[in-house]
Amino acid sequence: MKLELGNVPIRDIQFGVESKIVGDVLYINRKELQDMLAADQALKSVALELAKPGDRTRIMPVKDVIEPRVKVRGNGGVFPGAVSKVSLVGSGRTNVLKGAAVVTTGKVVGFQEGLIDMAGAGAEYTPFSKLNNLVLVCEPAEGINQYEHEKALRLAGLKTATYLGELAKEIESKDVAVYQTYGMKEGIEKFPDLKRVGYVLMLQSQGLMHDTYVYGVDMKQSLTTIINPTEIMDGAIVSGNCVSACDKNTTYHHQNNPVIADLFKEQGKNLNFVCVIITNETVYLADKERSSDWTAKLANLLDLDGVIISQEGFGNPDTDLIMNCKKLEGYGIDTVIITDEYAGRDGASQSLADGDPKADAVITSGNANELIQLEPMDKVIGHARAADMISGGFDGSLKGNGSILVELQAITGATNELGFNKLSAR
Amino acid sequence: MEKIKVVHYINQFFANIGGEEKAGYEPEYRPGAVGPGKAFLADFGNDAEIIGTVICGDTYFNQNMEEAKKTILRMVRDAGPDLVICGPAFHAGRYGIACGCVASAVKRELEIPAITGMYEENPGVDMFKKDLYIIATKASAAGMRAAVKAMASFGLRVARGEKIGTSAQEGYIPNGIRVNFFEEKRGSERAVAMLIKKMAGEAFTTEFPMPDFDRVEPNPAVKDLSKAKLALVTSGGIVPKGNPDHIESSSASKFGEYDIDGVYDLTEETYETAHGGYDPLYANADADRVLPVDILREFEQEAKIGSLYNRFYTTVGNGTAVAKAKEYAAEIGRRLLAANVDAVILTST
């Protein structure tokens with residue numbers, strides 16, 4: 001499978017009379033987009049705001065971040081099963097509004113939402129402070145339940161990203177990257193001397209709003225399966241997660257999965273990147289056993305020599321992580337796992353809820369319990385009071401002057417377990 | 001700028017007093033640098049000076065620990081340094097323990113910054129790595145030059161109160177405290193590089209070493225309980241009322257062995273728990289809940305079990321280091337074997 005990603009750089013974002021891209025500026029017709037989103041009866045109101053790098057702006061509580069993309073050539077459309085019809089994606093060409101993102105906020109859905117600071121100390125910890133963000137402040141209609149609320153927010157973000165992506169459909173990108181994978185036999189013939197490598201992508205799917213969707217399927221309903229990495233670049237996986245902000249994979253993270261990008265960099269040089277195995281993170285032991293059995297079995301059937309395993313979330317999913325690792329190593333497949341740590345505010349506690357000597361190659365994205373003082377911002381998009389209730393916050397997190405004392409946990413993407421950031425710990 | 005004042009602690013060997021035959025040497029304070037102290041002076045340049053050296057024989061220190069510590073602390077206090085450097089001790093066990101002991105006491109009791117240096121397998125490392133920065137050194141004094149260089153510059157940074165980074169950045173032995181920092185490459189890129197090395201069989205360093213697991217396979221089931229001699233062992237802290245051996249409520253330094261000959265029931269008046277890690281109300285009201293003597297006595301009378309061994313062993317698991325627990329288990333096991341006990345019921349909390 002071969003996908004070309006055409007970058008369309010966006011260096012500024014403004015409201016204008018017409019939605020369009022001129023040079024590297026993205027203009028948005030505020031009213032047109034607002035009206036489109038307000039059509040969803042689950043939402044009482046939708047307001048649009050801009051947050052740019054360096055702005056003294058705080059966005060909270062953040063539900064999801066999405067990158068606008070559009071299919072230029074090839075089968076299907078972005079976010080299949082969510083926005084576009086269900087149809088296989090991952091081939092042809094896709095344009096990307098590089099440097100822009102859609103951020104959803106509004107009344108908090110669950111307790112576990114995060115924040116993005118566009119300036120100051122907190123901005124260092126979230127990749128989204130470097131983007132030109134269109135922020136959707138969505139307030140739910142009276143009487144809808146939290147599941148309807150979550151879905152409404154999820155769809156508003158995806159629809160907006162699709163709307164913005166469409167603006168780049170006719171643009172001929174000057175910066176095109178090509179990603180190609182090969183069938184079993186083809187790959188072995190092409191790279192006879194290279195180790196066969198896979199990527200085990202664990203998707204948060206514990207239910208009760210800890211959900212991830214693949215082509216519209218709730219991942220907890222699925223057996224472990226394989227997917228082509230280029231499908232993920234077209235939005236085959238979307239986040240429906242209300243889970244601790246620091247290590248939840250937003251839709252943006254899935255679209256820009258760094259493990260996939262870095263495995264492609266070594267493709268044909270130091271390894272043969274075969275495919276991605278997606279598996280769920282469930283709550284019942286039988287489901288954990290089955291899913292990890294299938295992870296190891298598929299990797300073995302694919303004759304993989306090594307895999308990288310990435311986790312989403314912490315605590316309970318640590319058991320899924322270690323089961324996957326142990327069973328893969330049991331087949332003689334080398335593993336490297338990516339996780340983050342909950343070592344307490346003083347860094348002295350045991351970092352993971354589960355462990356095994358077989359997990360001898362670990363990449364850590366840092367201690368999520370470490371405290372950080374966030375200075376007051378000039379503008380808060382969303383609801384400042386959420387500071388006291390989000391994970392990583394506590395009663396009294398929000399100070400009178402608008403500064404916030406929180407654990408890194410509260411910052412969207414801070415300890416991402418796809419290895420998106422440079423933060424680590426020893 | 002004024003020079004940082006350093007007191008250096010070394011043993012009789014490095015002070016050129018003698019080897020094992022002089023290991024009983026009592027603590028002595030000498031002004032200025034002695035032995036490896038001269039190498040430190042060279043590395044300090046104009047930034048620091050060694051105002052004095054404390055010398056003590058390894059055997060003397062380890063056999064008279066409290067007395068030695070007291071004397072040495074007094075010597076250090078009188079000298080009034082800004083920093084105390086102990087060793088390096090390399091792989092010398094008793095020297096390592098002395099260095100760790102002196103440095104941690106100086107830190108804790110005199111509130112003066114103190115560091116030491118050792119080889120990673122020195123027994124002093126496990127004992128003191130949580131209390132101290134221990135710079136990792138080679139096993140032998142052949143690594144003196146590198147050890148002094150690392151300890152000198154690191155020691156001065158500690159003395160100045162500078163922000164200390166992670167063990168990987170600074171070269172001290174990981175102390176179990178996790179510290180965040182920004183790597184040069186993102187996590188995914190490090191993961192790919194690590195996997196390539198692992199698959200090629202090359203050396204790599206994990207960023208999070210799994211805790212050491214000491215998993216013990218259970219023995220096969222006892223074939224005939226009606227002939228077996230059973231014993232009770234607990235980490236739930238059940239002790240005779242009044243806790244006669246003063247087992248600590250946390251981080252226990254000992255275990256207790258108590259006679260239950262003729263005891264058929266543990267009552268509120270006779271037993272209690274010493275454990276500080278759980279709500280003691282229910283254990284104090286009826287200690288059989290943690291140490292089931294009553295039920296086992298019934299089983300004994302009904303001949304469901306052969307007999308209940310007339311002593312039980314107890315300690316407090318709360319905050320007690322694994323190394324200590326292993327030490328107690330080995331000794332308890334030895335005593336149970338000597339008493340021909342067939343099986344043990346281990347209870348926690």
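Residue numbering restarts at 1 for every chain, and letters A, B, ... go by the order of the sequence lines.
- Closest non-hydrogen pair, B:M194 versus A:I363, comes out as CE-CD1, 3.6 Å.
- Contact annotation: the side chain of B:F182 never approaches that of A:N421 to less than 4.5 Å [non-hydrogen atoms, C-beta and beyond].
- B:R190 places a side-chain N or O within donor-acceptor distance of the main-chain N or O of A:T364, the cut-off being under 3.5 Å.
- For a residue to count as touching a neighbouring chain, one of its non-hydrogen atoms must lie under 4.5 Å from one of that chain's; by this rule A:A361 touches chain B with backbone and side chain alike.
- Here the side chain of B:N180 pairs a donor or acceptor atom with the backbone of A:N367 at under 3.5 angstrom.
- When A:S351, A:G366, A:S365 are compared by the number of non-hydrogen pairs under 4.5 Å with chain B, A:S351 comes out ahead.
- Put simply, of B:K130, B:K185, B:R178, the one with the most heavy-atom pairs under 4.5 Å next to chain A is B:R178.
- Heavy-atom contacts from other residues, nucleotides or ligands closer than 6.0 Å to CD of B:E111 number 12 or fewer.
- Per-residue heavy-atom pair counts under 4.5 Å with chain B were compared for A:V259, A:D305, A:L263, A:I308, and the maximum is reached by A:I308.
- Heavy atoms closer than 4.5 Å to chain B are found in both the backbone and the side chain of A:S424.
- Applying side-chain contact (heavy atoms from CB on, under 4.5 Å) to B:M199 and the options A:V197, A:V336, A:I333 leaves one that passes, A:V197.
- Contacts between B:K198 and chain A at a heavy-atom distance below 4.5 Å involve backbone atoms as well as side-chain atoms.
- For A:K327, the salt bridge (Lys or Arg N to Asp or Glu O under 4.0 Å) test picks out A:E289, A:D293, with sequence neighbours left out.
- Most heavy-atom pairs under 4.5 Å with chain B: of the set A:K265, A:K195, A:E417, A:E124, this distinction falls to A:K195.
- When the options B:Q169, B:E207, B:E170 are evaluated for a side-chain contact (heavy atoms from CB on, under 4.5 Å) with A:R426, the one that passes is B:E207.
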Between B:T206 and A:D360, does the side-chain contact (heavy atoms from CB on, under 4.5 Å) criterion hold? Intermediate values first, please. CA-CA 6 Å; B:T206 182; A:D360 62 356; 5.8 Å; no

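- Under the side-chain contact (heavy atoms from CB on, under 4.5 Å) test applied with B:F208, the options A:D340, A:I337, A:L352 reduce to a single match, A:L352.
- Looking at A:T335, both its backbone and its side chain come within 4.5 Å of chain B, counting heavy atoms on both sides.
- Listed options A:G306, A:A343, A:S310 were ranked by heavy-atom pairs under 4.5 angstrom with chain B; first place goes to A:G306.
- A distance of 9.0 Å separates OG of B:S188 from CG of A:N416, quoted to the nearest 0.5 Å.
- Across A:G355 and B:M210, no two heavy atoms sit closer than the pair CA-SD, 3.6 Å.
- The number of heavy atoms from other shown groups lying within 6.0 Å of NZ (A:K190) does not exceed 12.
- Proximity to chain A involves both the backbone and the side chain of B:L195, based on heavy atoms less than 4.5 angstrom apart.
- Taking all atoms of both residues into account, the shortest heavy-atom contact from B:E184 to A:K422 is O-CE, 3.3 Å.
- Within the 4.5 angstrom heavy-atom criterion, only backbone atoms of A:L418 (N, CA, C, O) approach chain B.
- Of the atoms belonging to B:F181, heavy atoms from both backbone and side chain fall under 4.5 Å from chain A.
- Evaluation of the ring-ring contact (aromatic ring centres under 6.0 Å, His included) rule for A:H253 yields A:F128, A:F420 as partners, not counting sequence neighbours.
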